[in-house]
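First comes the structure, then the notes that go with it.
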Amino acid sequence: MRKVNVVILVLLAVAFLIIIQRNLLSLSDFLHKEIPHTGAILPFEAELSRVLGVDLERQGDEIPVVLTAAEERLGAAVAAMHSIYKNTKANVVFTIVTMNDTADHLKTWLSVPRLKSIKYKMVLFKPELLVGKISKNPQTIDAAKPLTFARYYLPLYLPDVEKAIYLDDDIIVQGDIKELYESSLKPGHAAAFSDDCDSASAKGIVRGAGAQNNYIGFLDFKKEAIKQLGMRANTCSFNPGVIVANLTEWKNMNITHQLEHWMELNTQDDLYSKTLAESITTPPLLIVFYKRHSTLDPMWHVRHLGTTGAGNRYSPQFIKAAKLLHWNGHYKPWGRTSAFTQVWDRWFIPDPVEKFHPVRRHAVDK
């Protein structure tokens with residue numbers, strides 16, 4: 001009887017092992033099967049990501065990226081996020097600063113299949129923060145869009161974060177955003193920018209890198225408040241469209257309060273240059289971060305693509321090599337006249353509710 005029981009147990013064990021082997025083969029086929037319409041062989045994590053709708057490949061430390069999303073330029077923010085997300089395997093989490101009347105539109109847009117894996121949170125900007133801090137000058141009122149000042153308040157959106165990236169919406173990222181995030185800041189510096197004199201042309205990469213800006217292009221050095229700062233008028237300015245910020249230092253140095261202070265003084269004494277270059281958000285930043293900021297790799301902020309002659313300024317080879325492109329200036333890549341719109345178009349995803357439409361001319365882009 002015992003021999004019979006032993007034989008039965010052995011047979012059961014063999015049967016069990018055969019079943020296990022078959023299941024493992026089936027599981028292997030499942031984990032490495034060909035996905036219809038793509039032909040891609042997906043590993044275990046990617047297959048689960050597809051089934052669950054969650055990007056399991058992007059685990060680890062978060063990389064916080066802050067952008068603004070204005071209703072009239074919503075397609076810009078979407079294209080920027082899409083380019084960042086697709087060019088990295090890092091665990092990027094976007095903080096999108098927007099207005100109440102834009103939030104629902106943006107949520108709908110980000111729910112389309114090609115964007116639904118993007119991690120993000122929305123923060124509503126409070127325009128009352130700017131009461132008494134913006135000049136009523138009709139020449140600058142158009143430039144005083146509330147969201148352009150969102151970069152002043154980074155610690156409010158990310159109270160528990162030590163380091164973050166801020167980006168303007170008129171950018172496309174072609175490199176791995178993790179590399180930008182890992183840019184080193186000197187001790188005691190709350191931010192890193194690209195200096196306007198530290199352009200690619202200075203290294204002989206591209207002919208004619210465009211306008212070289214300095215402090216006198218943004219500030220009125222005849223005003224007493226500016227004189228007392230002891231700043232040199234010919235100091236190279238920087239562009240705050242790309243910021244890598246140490247938010248711990250930002251809070252320790254009370255940067256937001258300092259920026260607000262200079263905004264308020266400007267409403268009283270008109271401290272900005274009469275020939276102010278582009279952005280009214282830049283002068284307070286230039287004052288507060290005068291000789292107190294670190295510098296970014298210039299290839300991580302190739303700018304002036306939105307200015308006159310940008311198509312002749314940069315070669316196609318250089319544009320392809322650039323890690324971040326910025327269409328600062330009047331000519332945006334979703335508008336009728338702009339250089340290198342084909343680069344921006346690669347990352348734009350059509351608006352599902354068809355409110356936002358890029359304007360295109362029939363002529364071939366440069």
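These values consider heavy atoms only, across backbone and side chains, with no hydrogens, waters or symmetry-generated copies.
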Would you say CG of D101 has more than 12 non-hydrogen atoms from neighbouring residues, nucleotides or ligands within 6.0 angstrom? yes
So, for A77 and T68, which heavy atoms are closest and what is the spacing to 0.1 Å? CB-O, 3.7 Å
Got a second to check how far I319's CD1 is from L305's CG, nearest 0.5 Å? 4.5 Å
Check this for me: N234, atom CG, are more than 12 non-hydrogen atoms of other residues, nucleotides or ligands nearer than 6.0 Å? yes
Aromatic plane relationship, F289 with F193 - under 30° parallel, 30 to 60° tilted, over 60° perpendicular: perpendicular
Strictly distance-based, threshold 3.5 Å: is any side-chain N or O of R151 a donor or acceptor partner for the main-chain N or O of F149? no
Less than 6.0 Å separating the ring centroids of Y331 and W327? no
Hey, does the side chain of R292 reach the backbone of V288 with a donor-acceptor pair shorter than 3.5 angstrom? yes
Using 0.5 Å steps for rounding, measure from the CG atom of L67 to the OH atom of Y166. 7.5 Å
Would you give the length of the straight line joining atom CD of E249 to atom CD of E162, rounded to the nearest 0.5 angstrom? 9.0 Å
Identify the heavy atoms of A79 and I172 that sit nearest to each other, and give their distance. O-CD1, 3.8 Å
Output yes when a side-chain donor or acceptor of N91 lies under 3.5 Å from a complementary backbone atom of G60, and no otherwise. yes
Could you work out, with salt bridge (Lys or Arg N to Asp or Glu O under 4.0 Å) as the rule, every residue matching K323, not counting sequence neighbours? E179
Given side chain to side chain contact (heavy atoms under 4.5 Å, CB included), test E71 with H105 step by step and report yes or no. CA-CA 8 Å; E71 181 68 26; H105 185 186; 2.8 Å; yes
Between Y152 and L285, does the side chain to side chain contact (heavy atoms under 4.5 Å, CB included) criterion hold? Intermediate values first, please. CA-CA 9 Å; Y152 287 11; L285 289 160; 3.9 Å; yes
Greater than 12 external heavy atoms within 6.0 Å of K126's NZ: no
Parallel under 30°, tilted from 30 to 60°, perpendicular over 60°: which one fits the rings of Y314 and F318? parallel
For the hydrophobic clusters of this structure (ILVMFWY residues joined by side-chain heavy atoms under 4.5 Å, transitively), does one cluster hold both V93 and L110? no
Looking only at heavy atoms, what is the nearest atom pair of L129 and K133, with distance? O-NZ, 2.8 Å
Under a 4.5 Å cut-off applied to non-hydrogen side-chain atoms, are W109 and L74 in contact? yes
At their closest point, which heavy atom of A90 faces which heavy atom of T88, and how far apart are they? N-OG1, 3.0 Å
Report yes if the side chains of P352 and T108 come closer than 4.5 Å at any heavy-atom pair, otherwise no. yes
Salt-bridged, D176 to K89, with N to O below 4.0 Å? no
side-chain hydrogen bond (donor to acceptor under 3.5 Å, both in side chains) between S194 and W300, worked out: CA-CA 8 Å; S194 288; W300 268 106; over 6 Å; no
Only pairs at least two apart or in different chains count here, so list each ring-ring contact (aromatic ring centres under 6.0 Å, His included) that has a residue in residues 60-84. H82-W347
Could you report the tightest heavy-atom contact between K251 and P155, atom names first, then the distance? CG-CB, 3.7 Å
Any sub-3.5 Å donor-acceptor pair from S338's side-chain atoms to G335's backbone N or O? no
Within the distance-only criterion (no hydrogens, no angle test), does the side chain of N239 pair as donor or acceptor with the backbone N or O of G241 below 3.5 angstrom? yes
Sequence neighbours left out, what passes salt bridge (Lys or Arg N to Asp or Glu O under 4.0 Å) with K332? Give chain and number order. D170
Check the pair W344 / F348 against ring-ring contact (aromatic ring centres under 6.0 Å, His included), numbers first and verdict last. CA-CA 6 Å; W344 187 87; F348 174 70; 5.1 Å; yes
If only atom types and distance count, is the side chain of Y120 paired as donor or acceptor with the main-chain N or O of M81 below 3.5 Å? no
For E354, does the CD atom sit with more than 12 other heavy atoms under 6.0 Å from it, leaving out its own atoms? no
Do L324 and V173 have side chains that get closer than 4.5 Å, going by heavy atoms? yes
In short, F221 meets K227 closest at the heavy-atom pair O-CG, 3.4 Å
Under a 4.5 Å cut-off applied to non-hydrogen side-chain atoms, are N266 and D270 in contact? yes
Please report the C-alpha distance between V242 and L296 in whole Å, then the side-chain angles of each, then the deciding distance to 0.1 Å, and finally whether the side chain to side chain contact (heavy atoms under 4.5 Å, CB included) criterion is met. CA-CA 9 Å; V242 176; L296 298 174; 3.9 Å; yes
Between the side chains of T307 and R313, does any donor sit under 3.5 Å from an acceptor? yes
Under a 3.5 Å distance rule, please check whether T267 uses its side chain to pair with a backbone N or O of I134 as donor and acceptor. no
Are D220 and I226 side-chain neighbours, meaning at least one heavy-atom pair lies under 4.5 Å? no
Pair T102, T98 - check side chain to side chain contact (heavy atoms under 4.5 Å, CB included), show working. CA-CA 7 Å; T102 303; T98 189; 3.3 Å; yes
Could you grab the distance from atom CE of M253 to atom CG of N246, nearest 0.5 Å is fine? 10.0 Å
Proximity of Y215 and Y290 rings by center, below 6.0 Å: yes
Flag if over 12 foreign heavy atoms under 6.0 Å of NE2, H357: yes
Sub-3.5 Å donor-acceptor pair from the side chain of H293 to the main-chain atoms of A191, do we have one? no
State the CD-CG distance between E264 and L130, to the nearest 0.5 angstrom. 11.0 Å
Hphob cluster co-occupancy, L106 + L124, side-chain heavy atoms under 4.5 angstrom: no
Counting C-beta onward and ignoring hydrogens, is there a side-chain heavy-atom pair between E62 and V92 closer than 4.5 Å? no
Is the shortest side-chain heavy-atom distance between K320 and Q174 below 4.5 Å? no
Establish, for the pair K163 and Y181, whether the NZ or CZ atom is under 6.0 angstrom from the six-membered ring centre and no further than 45 degrees off its axis. yes
Can you confirm whether I177 sits close enough to N87 that some side-chain heavy atom of one is under 4.5 Å from a side-chain heavy atom of the other? no
Distance col, row D196:CG vs L286:CG, nearest 0.5 angstrom, shows 8.5 Å
